[in-house]
Amino acid sequence: MITRWLDTVDSTNSEALRHLEELPSGTVLAAREQTAGRGQRGNSWFSEPGKNLCFSIILKYGPGALPPLSAAHAVWLNYLSSQAVALFLRSFGVVCSIKWPNDVYVGKRKICGILIENQLGSDGVAASVVGIGININQREFAQLANATSLALATDKEYNVELCLKQFLGFFEELLPQLFDPASRELLFAAYSRALFRKGVTARYYDVLREEEFEGVIQGVEADGCLCILDGAGEHRHYHFKEVSYIL
Ligand code: BTN
């Protein structure tokens, strides 16, 4: 993988999408500062300049690049990316879990967010931009009540560029698993084991039914849906954005 560090950019995902044609698979765009970092559900991603990791990995599939990836298998990139973050954090002794679909938490606090943007072609996914924000040295989060960082979790400071190299080592090691059915199962098993709130009674908001309810996460299904068993014994199945966690 080839990393390009940018001093300032609106969003590494936006920059990667703008230059997708000319940048080869395996290019990593990392920014010291993002002026308009983007998150899931149209949210903004805030990160103090120079303190954290904000980067996007460009992946391309098909001839001359990675093996093909069907649209149905695109969800595995969520599992892979969050698992790579979990391995990276655990290498510093940090206990973390993955909040479906791909946020990484330390206790009840978010340490990492992931925004994957796929471009579909006629044969499945043509390219992916895997945008990852990992809080490294930031210790104060004015806009975010429930955020944390590697520095807060371990009470140490880190070299951000070195952290990116370390993270990419984990990501590259996992990447071949995306294209092999047996390895995908292992990846899915590891992801399921790390699931935030699995087996724990907690509160959720059902977006379609417009109601809050109490339930227990049973797991994630093969199609990527989250399954929650509610108090009335109903198994509720959610696609992304159909349920939110009440923290
Ligand atoms: C989320 O939790 O809502 C996802 C946040 C993703 C943030 C990263 S930072 C690098 C990349 N560039 C962006 O604009 N967003 C992603």
Side-chain angles (χ1 to χ4, degrees), residues 1 3-20 23 26-59 74-75 77-86 88-89 96-119 127-138 141 143-150 158 160-161 163-168 170-171 191 194-197 207 224 226 239-245 247:
M1 291 196 162
T3 303
R4 289 193 192 172
W5 274 96
L6 310 167
D7 279 335
T8 182
V9 70
D10 53 351
S11 145
T12 55
N13 266 38
S14 302
E15 182 72 0
L17 289 169
R18 280 193 293 265
H19 296 281
L20 202 53
L23 293 174
T27 304
V28 180
L29 298 183
R32 297 193 173 81
E33 179 185 36
Q34 287 192 131
T35 54
R38 297 191 285 114
Q40 300 277 4
R41 305 170 196 245
N43 289 329
S44 299
W45 180 256
F46 298 103
S47 178
E48 215 177 299
K51 296 254 165 134
N52 302 320
L53 276 178
C54 297
F55 61 96
S56 301
I57 304 170
I58 294 176
L59 300 175
V75 67
L77 201 47
N78 283 322
Y79 307 148
L80 188 148
S81 308
S82 47
Q83 186 59 17
V85 175
F88 165 76
L89 293 171
C96 57
S97 57
I98 301 169
K99 178 169 162 279
W100 176 85
N102 56 15
D103 289 340
V104 184
Y105 271 61
V106 176
K108 284 186 171 180
R109 291 179 186 272
K110 180 163 165 172
I111 193 164
C112 165
I114 302 177
L115 177 66
I116 300 177
E117 296 182 285
N118 291 313
Q119 295 232 323
S128 307
V129 172
V130 182
I132 304 182
I134 311 175
N135 297 329
I136 303 289
N137 290 322
Q138 187 168 343
F141 295 90
Q143 293 109 319
L144 303 159
N146 76 329
T148 191
S149 65
L150 188 54
Y158 295 87
V160 171
E161 294 197 11
C163 283
L164 180 55
K165 285 197 180 122
Q166 288 168 324
F167 169 80
L168 291 175
F170 289 108
F171 189 89
Y191 172 87
L195 211 54
F196 177 70
R197 277 191 181 173
V207 174
L226 182 71
H239 288 103
F240 184 49
K241 296 184 185 173
E242 290 177 353
V243 65
S244 47
Y245 291 59
L247 293 168

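First listed ligand is number 1; within each ligand, the first listed atom is number 1. All heavy atoms count here, side chains included; hydrogens, waters and symmetry mates do not.
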Student: Starting from atom 15 (N) of ligand 1, find the nearest protein heavy-atom neighbour and note its residue, name and distance.
Tutor: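 Here the nearest protein heavy atom works out to R38 O, 2.7 Å.
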
Student: Please list, in number order, the atoms of ligand 1 under 4.0 Å from a heavy atom of T12.
Tutor: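 The atoms of ligand 1 under 4.0 Å from a heavy atom of T12 are 10 (C), 11 (C), 12 (N).
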
Student: Please examine the side chains of L20 and E117, heavy atoms only from C-beta on, and report whether any two atoms are closer than 4.5 Å.
Tutor: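 No - every pair of side-chain heavy atoms lies 4.5 Å or more apart.
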
Student: Taking 4.0 angstrom as the limit and counting only heavy atoms of G39, give me the atoms of ligand 1 inside it, by number and element.
Tutor: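 Near G39, meaning under 4.0 Å from one of its heavy atoms, ligand 1 has 1 (C), 3 (O), 4 (C), 5 (C).
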
Student: Please write down residue, atom name and distance for the protein heavy atom closest to atom 9 (S) of ligand 1.
Tutor: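 Of the protein heavy atoms, Q34 NE2, 3.5 Å lies nearest.
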
Student: Kindly say whether G50 contributes a backbone atom to a donor-acceptor pair with the side chain of E33 at under 3.5 angstrom?
Tutor: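 Here the side-chain-to-backbone pair does not exist.
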
Student: From atom 4 (C) of ligand 1, work out which of I114, T35, I134, V129 has a heavy atom at the shortest distance.
Tutor: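 When every heavy atom of I114, T35, I134, V129 is considered, I114 comes closest to atom 4 (C) of ligand 1.
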
Student: Below 4.0 Å from any atom of ligand 1, is there a heavy atom belonging to D103?
Tutor: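 D103: in contact with ligand 1 (<4.0 Å).
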
Student: What protein heavy atom sits nearest atom 5 (C) of ligand 1, and how far off is it?
Tutor: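 It is W45 CE3, 3.4 Å.
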
Student: May I ask whether R41 has any heavy atom positioned less than 4.0 angstrom from an atom of ligand 1?
Tutor: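 No, that is not the case, since the closest heavy atom of the residue is not under 4.0 Å from the ligand.
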
Student: Which ligand 1 atoms does S11 reach within 4.0 Å, using its non-hydrogen atoms?
Tutor: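 Per the distance check, 12 (N), 13 (C), 14 (O).
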
Student: Could you point out which residue of F196, Y105, Y191, Y79 forms a side chain to side chain contact (heavy atoms under 4.5 Å, CB included) with I98?
Tutor: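 Among F196, Y105, Y191, Y79, the one meeting side chain to side chain contact (heavy atoms under 4.5 Å, CB included) with I98 is Y191.
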
Student: I need the minimum non-hydrogen distance between A31 and T12, along with the two atoms involved.
Tutor: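 Here A31 and T12 meet closest at CB-CG2, 3.5 Å.
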
Student: So which heavy atom in the protein is nearest atom 1 (C) of ligand 1, and how far is it from that ligand atom?
Tutor: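 The protein heavy atom lying closest is Q40 N, 3.5 Å.
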
Student: Going by the order shown, which atoms of ligand 1 are within less than 4.0 Å of some heavy atom of G37?
Tutor: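 By the 4.0 Å cutoff, the relevant atoms are 14 (O).
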
Student: Check ligand 1 against F55 and write out every atom of the ligand that is under 4.0 Å from a heavy-atom position of the residue.
Tutor: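 That gives atoms 10 (C), 11 (C) of ligand 1.
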
Student: Out of all atoms in ligand 1, which are within 4.0 Å of some heavy atom of G133? Include the element for each.
Tutor: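 Per the distance check, 8 (C), 9 (S).
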
Student: K110 versus ligand 1: do any nitrogen or oxygen atoms come within less than 3.5 Å of each other?
Tutor: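 Yes, K110 has an N/O under 3.5 Å of an N/O on ligand 1.
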
Student: What verdict does the side chain to side chain contact (heavy atoms under 4.5 Å, CB included) test give for F141 and N135, after you've listed the backbone C-alpha separation in whole Å, the side-chain angles of each residue and the deciding distance to 0.1 Å?
Tutor: CA-CA 10 Å; F141 295 90; N135 297 329; 3.6 Å; yes

Student: Verify side-chain hydrogen bond (donor to acceptor under 3.5 Å, both in side chains) between N118 and S128, making sure each step is shown before the conclusion.
Tutor: CA-CA 4 Å; N118 291 313; S128 307; 2.7 Å; yes

Student: How far apart are the C-alpha atoms of R4 and E15, what are their side-chain angles, what is the distance that settles it, and do they pass the salt bridge (charged side-chain N to carboxylate O under 4.0 Å, His left out) test?
Tutor: CA-CA 12 Å; R4 289 193 192 172; E15 182 72 0; over 6 Å; no

Student: side-chain hydrogen bond (donor to acceptor under 3.5 Å, both in side chains) with Q166: which residues, sequence neighbours excluded?
Tutor: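 Applying side-chain hydrogen bond (donor to acceptor under 3.5 Å, both in side chains) to Q166 gives none.
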
Student: If only atom types and distance count, is the side chain of W100 paired as donor or acceptor with the main-chain N or O of G224 below 3.5 Å?
Tutor: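 Looks like yes, one N/O pair under 3.5 Å.
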
